Amino acid sequence: MGEASGPAERSDPAVRVEDLRVEYGSTTALDGVDVTVEEGEFFTLVGPSGCGKTTTLRCLAGFEEPTAGSIHIAGESMAGVPPESRGIGVVFQSYALFPHMSVGENVAYGLRFSGPPEGTTKHERVEELLELVDLPGFADRDPDTLSGGQQQRVALARALAPEPRLLLLDEPMSALDARLRERLRVQVREIQRELGITTVYVTHDQEEALSVSDRVAVVDGGRIEQVGRPRELYDAPATRFVAEFLGDNNVFAGSVVAGGDRVRDAAAARDDGGDPLRLRVDGGGTLPLPSDVAEDARDGDRLVVCVRPERIRVHASGDGDREGERAGDRVGGNGGTGRGTGADPDGALLATTVESTEFLGDATRLHCDWNGVAVTVRTDGSRSFDVGEPVTLGVDRADVRVVERS
Amino acid sequence: MDRRVGAALRRRVSDARPGRLLRRARAAGPAALAERSALPLLAAVTALLLAVLFYYPVATVFVDAVVEDGRVTFGPLVEVLTDEFYLVRVLGFTAYQALLSTLLSVLLGLPGAWVLARFEFRGRDTLRSVTMVPFVVPSVLVAAAFYATFGAKGTLNAALSAVGLPELDLLPSLGAILVAHAFYNAPLVTRVVAAAWESVDAGAVETARSLGASRRRAFRDVVVPQLLPALLTGATLTFVFTFATFAIPLALGGSQYATIEVFIYSARRQLEYGRAASLAALETGVSLSLMALYLRYERAQAAERRGVRTLARRPLWPDSWSRERAARRLAIAGYAVVVAFVFVAPLASMLYASVSVDGRFTLDAYRFLLERQATGATFQVKPFPAIVNSLVFGAAALAVALPLGVAMGVLTTRRFRGRWLVDALSMAPLAVSGIVVGLGLLRGLVFGFEAFGYRFTVTGAVAIVAAHAVGAYPFVVRTVAPPLDRLDRALVESARALGASRARTVLDVELPLVWPGVVAGAAFAFAISIGEFDATVILAEGGGTYTMPVAVERFIGRRLGPATAMGTVLLAVTAASFVVIERVGGEFRG
């Protein structure tokens, strides 16, 4: 153990993971993960399959022995503490209800070891939990007779019955169909808030992660790429991976140039007091760069930037003026038509043609070709576009995010 | 959600939170400590039992092979290895008959796999389960059945003379040995190949066809490569089993067709333990090497196949006939005749012979079994004590083998490094013949060993139970481990997270879910014990501890009636075990 594992103090976070490493032979599953989860927080680990999010959760639960690093739950070191003594509740993707026990026996199983909370009986506690998950009166049912969603709610009730300090959810919705998934995640979130229980949630579904969490950690290749509130991560991705993993994104790599094609020297442009820097996209035209980049960028620096498809305005070339006005309304008059690309310091207009369209119901996604560079745009769907139609795309300087520089 | 409930829950959660872990941790008193150390303890006890019952005795055989009067000598071993008689006549013949037996088993088993995997007919599932029967049929039973069929006074000769044909002298002969081996091993080949055939994905065959392969070509390119590993498995196991064959050549081959095991046995009867040990060490070396090679191959092959759509089965009786279809059906009919001749006729003859003398119905043979006083000195082996011994040893062996097998099953399905080694060590008794185990137990435990200044000896009866338990427990492992392995790991982890210790999880979750496997394993273990001959005959020599199979072997060739009657009793016991395995554990077959 080594470290003092005294009783929980007020200042201790609910979970503190430091430099967690897991290696299987020569493969590294976790490559130094640091996570802090606050009391009562709904914290989500999201990432592609094999990224290490589930391994992290399994280390928290004690099912997996870390190669190095430490885990503290409420200030107590978990080194050498078996899963049954950690005070956790776990819900798995496969529900994992004990098939030889009734729903009630499943929920009561954990109470065999911890006993029901003071002032209640086992039976009362089971009914209480089943009511909590909206399955009152299901105690005598056989788990096999329940639907997937119902089974998963029983699994949640079972995990909560012994009053765990920490709830661990491992892809709990992945086996359910889309509509049910949405309903259940709202319900889980409600119960979590109601109980104020610290929750660590693992999912590969970025939409799920953004919609339910207080904070999200994006995991890739056994490392945490970025931690933050859902909106922070979406609006300000710190890395190219985060930018591409959360939601749709256009990612462009290119070199810094000053003032479009006219001034070649970035430092000189800055000294001149204002012609802002632009990015010459590999194989394409130029994009404006946000002002914070201008501070330390050098001419010729390699950058990767991203622009969200829904932040790009579409100006159909045929009805330029009207579209321009509409678009202008949305972005505050910055994106007028008729100017050449590269001239506007706060934006850019890209001349493209529509390659293909995707009708999404509430929106339409356009895949456009910008001199050989692919650009995806999301429109509100009020107007339809034809394949091959020339369109002008408006990009605001404020919507361009730098996600990688070398 | 009900607000009232929610509020109550919230209050409890906030009341309870500080120090809740401590409450659980404090619950870890001596009882919890015992629970936590239960599995390591179980592992230690299991290892100790295996060491005493199996590894130590077998090791003594190897030591005996190279130590004489307390000094190391390779004399007997070299003698055996340089002697043309032993090298060619014994080892050579043993390998030769094993090879022929393997060929015959494959020839007889393959069509069965084809019929089972590719045709739909009533009773297909039953037929499929019946292929498991040879595992529980005692070898002496087969020998008795062959005597009743092909012996001088057997049903075949009775039938021949009834139609005026000359009688045949078929026993002893190499052919009888080979057919008896096929009786055992062809169903094994059928079983493993049919299983592989059924796991061929119909989609793969259809893809090949859509890419331009003819039916024959798709079979050759897609199906055959997936059947070959299974065929190799069946053939290797058959070779290993028939290389270490004992009861069948002893009963059907006479001195003319004696295998290495028969020579070990006769060396032991002549009290030449050095020679017996040398031969045993040699044989075990060959068997273990083959088994190790096989296990390595199997591990390399191991791949998970899931969600395949099996090839559609054709009806055995087609709606419309074509020349090709008719030819196939004719071939199947011919195969059915062969199967009836090899598998059904012997057992039927045995039943018939047990209730008839010269074509007359009589229960004399069964009456004889129940006589406590045998008819004087004619028989050293009395039938009634044999029955009692068999049942007592069976129960005792079950009492050892079942916990041992379940423990082994639980331990080998844990995931840890070096698990394959534990797997292999625990399965080794399958590759070491009963003769060798018997010899080892005789030398190591019955003759006694010295430890802590005392001389420990066990009686022959205890040694027999040990031998039976060692032979039986791998079957328990085989019925318990696969369903345990298939259990969703999340079930175990859920129980752990809810506060159950590792040992509690085994009792609360894992064992209840694999219970049918445990019952099937128990039936297997009992059947194996009841039918065990090889080790028993070594250990029972000259004592009063002979069992039914030993009695059958003694009766064979002397009096057909008692031999077949006792064979029928054996058949009834093993059939009952089979029904239990099939009914209870059927759905868990791997």
Side-chain angles (χ1 to χ4, degrees), chain A residues 7-8 10 39 58 61-63 73-74 76 81-101 106 109-115 117-120 127-129 131-134 136 155 158-165 168 170 187 190-191 194-197, chain B residues 1-29 31-33 35-37 39 415-417 483 486-505 507-516:
Chain A
R10 280 245 68 78
E39 191 67 56
R58 295 176 59 78
F63 301 139
I73 296 180
E76 294 170 54
V81 178
E84 64 265 29
S85 307
R86 293 191 175 200
I88 51 168
V90 184
V91 178
F92 291 100
Q93 177 179 353
S94 61
Y95 324 134
L97 295 183
F98 305 133
H100 58 304
M101 299 182 190
N106 264 284
Y109 186 76
L111 305 177
R112 293 189 194 181
F113 310 104
S114 65
E118 274 161 55
T120 90
E127 262 318 305
E128 209 172 65
L129 263 303
E131 262 176 64
L132 179 74
V133 298
D134 257 344
R158 181 180 67 179
L160 290 171
E163 302 180 289
R165 302 181 298 182
L168 303 173
D170 186 8
Q187 202 177 4
E190 238 174 53
I191 290 170
E194 194 68 39
L195 303 179
I197 183 168
Chain B
M1 196 204 322
D2 185 332
R3 290 289 139 194
R4 194 172 40 76
V5 174
L9 280 166
R10 187 170 48 228
R11 180 175 35 90
R12 273 195 205 110
V13 167
S14 49
D15 285 354
R17 194 171 294 116
R20 257 190 21 81
L21 181 77
L22 293 180
R23 198 180 80 198
R24 270 202 204 169
R26 238 182 264 123
L33 187 73
E35 265 189 34
R36 196 162 302 163
S37 44
L39 280 194
R415 283 162 181 78
F416 54 90
R417 216 180 297 170
R486 276 198 300 275
L487 274 190
D488 185 357
R489 203 151 51 122
L491 285 170
V492 172
E493 290 172 348
S494 291
R496 294 297 301 278
L498 290 166
S501 68
R502 192 63 201 85
R504 264 308 274 268
T505 309
L507 293 179
D508 285 354
V509 178
E510 287 169 279
L511 282 187
L513 290 177
V514 301
W515 194 240

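These numbers were taken from a predicted model, which means no experiment stands behind them. FYI, side chains are in, hydrogens and waters are out, and symmetry mates aren't considered; it's all heavy atoms of this structure.
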Below 4.5 Å from any heavy atom of chain B, which atoms of [X] appear? Answer side chain, backbone, both or neither.
X      : value
A:R58  : side chain
A:L97  : backbone
A:F92  : side chain
A:A155 : neither

NZ or CZ of B:R504 within 45° of A:F113 ring axis and under 6.0 Å:
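No - B:R504 does not lie over the ring of A:F113 by the 6.0 Å and 45° rule.
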
Given A:R112, A:E84, A:R158, the one that forms side chain to side chain contact (heavy atoms under 4.5 Å, CB included) with B:L498
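So, applying the side chain to side chain contact (heavy atoms under 4.5 Å, CB included) to B:L498 and each of A:R112, A:E84, A:R158, only A:R158 qualifies.
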
Under the ring-ring contact (aromatic ring centres under 6.0 Å, His included) rule, collect the residues that match up with A:F63, sequence neighbours excluded.
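Per chain and number, A:F63 pairs via ring-ring contact (aromatic ring centres under 6.0 Å, His included) with no residue.
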
Look at A:A159, A:P82, A:A61 and state which one has the largest set of heavy-atom pairs under 4.5 Å with chain B.
A:P82

N-O pairing of A:R86 and A:E76 below 4.0 Å
no

Student check: side-chain heavy atoms of A:V90 and B:E493 closer than 4.5 Å:
no

